[in-house]
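Proteins get letters first, then strands, A, B, ... in listed order; numbering begins at 1 in each.
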Amino acid sequence: MPANAFEELQWRGLVFDCIEGVQNLLATQTVTVYNGFDVTADSLHIGHLVPLLALARLQRYGHHPIAVAGGGTTMIGDPSGKSSERPLLSRQQIEENAEAIKGQLARFLDFDSKTNPARLVNNADWLLPLNLIDFLRDIGKHFTVNYMIAKDSVRARLEREEGISFTEFSYMLLQSYDFLHLYRTYGCLLQTGGSDQWGNITAGVELIRRVTGGTAYGLVYPLITKADGSKFGKTESGAVWLDPRRTSPYRFYQFWLNTDDRDVIHYLKVFTFLTQPEIEELQHALEEKPEQRDAQRTLARVMTGMLHGETALARAEQAAQVLFGGAVEGLSAAEIEDIFADVPSARLNKDQFSGTGLNIVDLLVGSGMMKSRGEARRAIGEGGIYLNNHRVAESERLVTVNDLLEGRFLILRRGKKTYFLVEVVG
RNA sequence: GGGCAGUUACCCAAGUGGCCAAAGGGGGCUGACUGUAAAUCAGCUGGCGCACGCCUUCGGAGGUUCGAAUCCUUCACUGCCCA
């Protein structure tokens, strides 16, 4: 184990940039550190795991973490990293999101520690009561517009057609105020965040210096990249969420399992608590026998277990084994239900399959797996549709009761990986 | 308040009266190869019947015309300049 938190973050490739003195700070004293999380949705996604897990890492080295749910700042909207203005969320929506996200944040931090328990706060508590005139006098006066428009997040938007609203322009003042508030209330000395937060963090450091004369620090994590240049954390069906209702444990497991060879070691460092020797071993395995995908398998296993628990992990692994082993036909009804618990599904009435049966195209559309008949027909033409793991050759294929597995299931598949279960009832 | 420019499919972006369901690029999907990888190659990418057909779409509404994404009016929004 590295000697201190800074070294820990460093070997994991998590230090993108930091303010002079952070290394010494983390090595020589225990500090209170905070990281803010937007509450623009009712769940965090895997991108948020980088700063969240880093907070947990810092806690393991004795530092005091504060996770801040941005119930106040999300009312305004952070322009950082955004190329266009965001619509405002309703107050009620934000409150609901904040509650949901607080629950997720809490799962990764230790609140029972005797020495350095984590704290979880919502910046709505101190931002909402602010009075405009006081704020402009007490906080606004410390910033020049010149300083503010020099920030990347603002400048990028000034150069664009759409521009930036005064609302979002003001955002950095609020986040700066957060830092000042936490500095005063908890003696918080360090703010962390993604690299796009650098401007907001340094603004806070600046505010603390001007208002209190004190020194605060910032550290930012790199943006997680993918070797093929596409955006990390996205799949066909959108972001990979922590909430199992949005991203099932099965999909979550599959997401990590599908990691590119070139990225997997990096992800093990960033997203898991595996030690340096453990990761090095996996790196050797990757070089020797890439087709075994030990590194990917470990990553998927550790991540799914950490987030969704052992039971969900076991189920995801079993499902993967069966679905990609191809042995669908010998399964019992109970096994099918279990394996497909996380896979999208639909129920259809049995009548439709009696007699000559139901056309495959109607089945694909009727079940909700495909949006339109044209799309379904096209997919079949491309050879991309499978019924019970057998490729469907022509779009006139009729599906009858004889096709039902265990008398009530149909397993549809699109391409190699996208499964859909139809349960026939009645 | 005035002037100018703009609003095209998931995104960017061509198209300035019929040959436009709409070029091109990106993204996405599928297939081949493979390791449920990468790279590469190929096909597909508005809806309905699928065959040459029909329907809906080019910011909203209305109009001109045999015929409009393309012209006119008006409204909305965005940007730039002026006040």
Using a 4.0 Å heavy-atom cut-off, does [X] contact any base of the nucleic acid, only the sugar-phosphate backbone, or nothing at all?
X	value
A:A320	base
A:Y253	nothing
A:D260	sugar-phosphate
A:Q254	base
A:R378	sugar-phosphate
A:G374	base
A:R377	base

[atom1] spacing across the pair [N] / [M], given as an integer number of angstrom:
N	M	atom1	value
B:rG6	B:rG15	P	11 Å
B:rG25	B:rU45	P	14 Å
B:rC19	B:rC12	P	26 Å
B:rC77	B:rU57	P	24 Å
B:rG26	B:rC20	P	23 Å
B:rG27	B:rC71	P	33 Å
B:rG60	B:rA69	P	11 Å
B:rG28	B:rA61	C1'	34 Å

Can you measure [X] atom [atom1] to [N] atom [atom2] for me and round it to whole angstrom units?
X	N	atom1	atom2	result
A:M370	B:rU45	CE	P	15 Å
A:K371	B:rC29	NZ	P	12 Å
A:L364	B:rC48	CG	P	12 Å
A:R414	B:rG31	CZ	C1'	11 Å
A:I380	B:rC50	CD1	C1'	13 Å
A:L286	B:rA38	CG	C1'	12 Å
A:R373	B:rG47	CZ	C1'	11 Å
A:E375	B:rC10	CD	C1'	13 Å

Exercise for review: Answer with yes or no whether the side chains of A:Q197 and A:Q175 bring together a donor and an acceptor at under 3.5 Å.
Suggested key: yes

Review point. Is a side-chain donor-acceptor pair under 3.5 Å present for A:D178 with A:W126?
Key: yes

Main chain of [Y], side chain of [X]: is a donor-acceptor contact present, judged purely on distance under 3.5 Å?
X	Y	value
A:D294	A:L282	no
A:E7	A:P2	no
A:E168	A:S165	no

Enumerate all atom pairs, one protein N or O and one N or O from nucleotides 53-57 of chain B, separated by less than 3.5 Å.
none

Nearest to the [X] side chain among [options], which nucleotide is it?
X	options	value
A:R262	B:rA39, B:rG31, B:rU36	B:rA39
A:R391	B:rA37, B:rG47, B:rG31	B:rG31
A:Y386	B:rG35, B:rG31, B:rU36	B:rG31

[N] pairs with, by Watson-Crick or G-U criteria that keep both distances under 3.5 Å:
N	answer
B:rG31	B:rC41
B:rA9	none
B:rU74	B:rG60
B:rU16	none
B:rA23	none
B:rC80	B:rG3

Review point. Does the side chain of A:S372 get closer than 4.0 angstrom to OP1 or OP2 of B:rC48 through an N or O atom?
Key: yes

Review point. Would you say a side-chain N or O of A:K416 is under 4.0 Å from OP1 or OP2 of B:rA37?
Key: yes

Check your understanding: Does atom CZ of A:R155 have more than 12 heavy-atom neighbours, drawn from other residues, nucleotides or ligands, at distances under 6.0 Å?
Key -> yes

**Study point:** A:F143 CZ: over 12 foreign heavy atoms closer than 6.0 Å
**Key:** yes

Exercise for review: May I ask you to check if A:R57 and A:F273 form a cation-pi contact, with NZ or CZ under 6.0 angstrom from the six-membered ring centre and within 45° of the axis?
Suggested key: yes

Check your understanding: Going by modelled atom types, is there a donor-acceptor pair between the base of B:rG31 and the side chain of A:E382 at under 3.5 Å?
Key -> no

Revision key, fill the gap. Closest to the 5' end of RNA chain B, once A:R297 and A:A379 are matched to their nearest nucleotides, is A:A379

Point to revise | Residue whose nearest RNA chain B nucleotide is more 5′ - A:A227 or A:N258 | key: A:N258

Practice item. Could you tell me whether the side chain of A:Q318 reaches within less than 4.5 Å of the side chain of A:D338, counting heavy atoms only? Key: yes

Point to revise | Test: A:E206 and A:R209 ion pair at under 4.0 Å | key: yes

